[in-house]
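Scope of the values below: all heavy atoms of this structure, side chains included, with no hydrogens, waters or symmetry mates. Chain letters run A, B, ... following the sequence lines, proteins first and then strands; every chain starts at 1.
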Amino acid sequence: MNTKQALDHAATVAGCDAATAGRIAHALARVMRERCGDLDSVAIPGFGTFVARKHDERVDTDASGRRTLVPPHIDITFNAGSRLRKQL
Amino acid sequence: MNRTIALPAIAARVAELAGVDADTASRFILGLFGAAEQEIAAGRQAEIPGIGTFSRSDGATVLFTPADELADAVNAPFALFSAVSIPADAPANIFSADDEYRPQEPAEEHAEEVSPPEFTMTPPTAPDEPVPVVEPDAEPQSKEPFEAEKQPMHTDEAPEPQYIYVERRNHWPWIVAILCLLAGFAAGFCYGKHSSGPYFSNPDRKPVPLDTAVAADDSVNVYIQTLPIDTDTVTPDTLTATPTPDEPEAEEPVYDTVGTTRFLTTIARDHYGRKDYWVFIYDANSANLPHPNRIHPGTRVLVPSLGPHAATDSATRAHARQLAAEFYRRYNL
């Protein structure tokens, strides 16, 4: 299932046309960016939770002993929900 | 921050941005992730635009790869940073190292921080007095080793200004309040001294025309009810009437003075033997007396003889009750 098929399926479930589905998909992506940028977690019932976690700067040392200062960054992880885990 | 956003809040925000109702947005989100769920369960890869890609690993776990636009937007505050190689001669813990490995601040900001504040007190020096020059060799000789260890490491920094906390005492509000209080007392004293006051004046008193007035003795505080005089028929000769020898001599009027502890009831008890007969005294002086309970101490009153009222004790008491009832009605006692 590609992106278009997923949007068509969601539009069928929601009962809206393709243009509205595209707008809703863009709005959903924007909401995800806003919430994860604020280090909030986004929970989808039955599917899972998107968790944003900030990692501070750190020093990495490779095998040759060379050290590198890694800047801070935010990772987004996904924790599968109970219904999804049962289907796996 | 660090909150968990549930589906209703997400749907409300999505509906606001997309211009649809929240129910439609909620059903769309559930349908979109439901389709991805079916794909993941089938072992295929599912991609949600703008969010990321989901795939199933060997075990019962789901691998999530965020979309580039989502990762870039989340890490936008750190976009200016990049990985930096650390020199080999750097200390082991560069985060607690000295100034050499700390980020350099702009010169202007650093100057503002170390410059002493404007209100730092400096000891006054005479204009002609030369600035003392400290000999570099003489000072360390006089200091003990223990004091030398207390010196800060960086001597080029500006010394910490020493602030002395001085409690500010402002007594002006209290002084002003006391002066206002004293002024009020003085004004009240002067007003009370130069005015008779509303309680001691007789509001029923009316000015008497000059042709009907008869001069009263100032030494006696008794109001004498006068009658109009016909100036056409009455001559000075008629006014000088001599008492006839057949008339009995009039009784000399009895006066008494109201005091702070001597009321009309007290006077009535002294003269009549019953305090209830105060109404006769008040009736005889009603034209000169204000409210019965507000007679000014020092007022002289005429104590009339009971006369016809003293026929019987019961009749006198009945008449006294009648007068008392009349006074009560008059002043709503």
Side-chain angles (χ1 to χ4, degrees), chain A residues 1-3 5-7 9-16 20-21 23-52 57 59-60 65-80 83-85 87-88, chain B residues 1-7 10 13-20 24-25 27-41 44 46-52 54 56 59-64 66-67 69-71 73-78 81-86 88 90 94-95:
Chain A
M1 180 182 286
N2 57 13
T3 304
Q5 292 171 343
L7 290 179
H9 176 75
T12 304
V13 172
C16 58
T20 306
R23 289 204 314 272
I24 297 176
H26 281 289
L28 178 61
R30 180 177 171 182
V31 171
M32 289 289 293
R33 291 196 297 269
E34 291 176 355
R35 295 298 93 205
C36 293
D38 291 341
L39 299 180
D40 289 333
S41 300
V42 177
I44 306 298
F47 184 73
T49 305
F50 297 91
V51 180
E57 62 272 17
V59 176
D60 273 356
R66 184 180 178 184
R67 294 186 300 167
T68 304
L69 177 62
V70 178
H73 63 283
I74 295 176
D75 273 348
I76 300 175
T77 59
F78 174 72
N79 298 329
R83 193 178 67 195
L84 180 60
R85 284 200 304 267
Q87 294 184 9
L88 297 179
Chain B
M1 183 177 285
N2 295 328
R3 297 174 301 172
T4 300
I5 311 300
L7 179 62
I10 299 170
R13 178 63 176 156
V14 168
E16 180 184 356
L17 293 175
V20 296
T24 302
R27 281 189 278 112
F28 180 88
I29 294 170
L30 291 178
L32 184 62
F33 284 103
E37 183 180 342
Q38 294 175 3
E39 292 296 312
I40 297 169
R44 292 188 292 270
E47 180 183 2
I48 297 179
I51 295 179
F54 300 89
R56 181 176 178 178
T61 57
V62 178
L63 298 177
F64 171 67
E69 53 182 322
L70 177 60
V74 167
N75 288 286
F78 315 113
F81 298 105
S82 60
V84 177
S85 296
I86 301 174
I94 63 170
F95 298 114

Once rounded to the nearest 0.5 Å, what's the spacing between atom [atom1] of [X] and atom [atom2] of [Y]?
{"X": "R35(A)", "Y": "I5(B)", "atom1": "CZ", "atom2": "CD1", "result": "5.0 Å"}
{"X": "H9(A)", "Y": "E39(B)", "atom1": "NE2", "atom2": "CD", "result": "9.5 Å"}
{"X": "F64(B)", "Y": "I76(A)", "atom1": "CZ", "atom2": "CD1", "result": "6.0 Å"}

Most heavy-atom pairs under 4.5 angstrom with chain B, which of [options]?
{"options": "V70(A), V13(A), L69(A), L7(A)", "result": "L69(A)"}
{"options": "T20(A), T49(A), V59(A)", "result": "V59(A)"}
{"options": "A21(A), G46(A), A25(A), G37(A)", "result": "A21(A)"}
{"options": "P45(A), G15(A), A14(A), C36(A)", "result": "A14(A)"}
{"options": "A29(A), A11(A), A80(A), S41(A)", "result": "S41(A)"}

Which atoms of [X] approach chain B - backbone, side chain, both or neither, heavy atom under 4.5 Å:
{"X": "R66(A)", "value": "side chain"}
{"X": "E34(A)", "value": "side chain"}
{"X": "R83(A)", "value": "both"}
{"X": "I44(A)", "value": "side chain"}
{"X": "R33(A)", "value": "both"}

Let me know if [X] has heavy atoms under 4.5 Å from chain A in its side chain, its backbone, both or neither.
{"X": "I40(B)", "result": "both"}
{"X": "E69(B)", "result": "both"}
{"X": "N2(B)", "result": "both"}
{"X": "R56(B)", "result": "side chain"}

_Under the rule for side-chain hydrogen bond (donor to acceptor under 3.5 Å, both in side chains), what residues qualify as partners of Q87(A), not counting sequence neighbours?_
E37(B)

_Any donor-acceptor pair under 3.5 Å from D60(A) side chain to T68(A) backbone_ =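 Answer holds: no.
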
*Counting distance only, does the side-chain N/O of N79(A) pair as donor-acceptor with the main-chain N or O of G48(A) below 3.5 Å?*
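Flag not set: sc N79(A) to bb G48(A) has no pair under 3.5 Å.
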
*Are side-chain heavy atoms of L28(A) and L32(B) found at a separation under 4.5 Å?*
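In short, these two side chains touch, coming nearer than 4.5 Å.
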
_What I'd like to find out is whether the side chain of R30(A) reaches to under 4.5 Å of the side chain of R13(B), using heavy atoms alone._
yes

*Enumerate the residue pairs fulfilling ring-ring contact (aromatic ring centres under 6.0 Å, His included) with a member in residues 24-49 of chain A, sequence neighbours excluded, ordered by first and then second residue.*
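Passing the test, one end in residues 24-49 of chain A: F47(A)-F78(A), F47(A)-F33(B), F47(A)-F54(B).
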
*Under 6.0 Å from the CZ atom of R23(A), do we count more than 12 heavy atoms belonging to anything else shown?*
yes

*Find the one option among I48(B), V62(B), L30(B), L63(B) whose heavy-atom pairs under 4.5 Å with chain A are most numerous.*
V62(B)

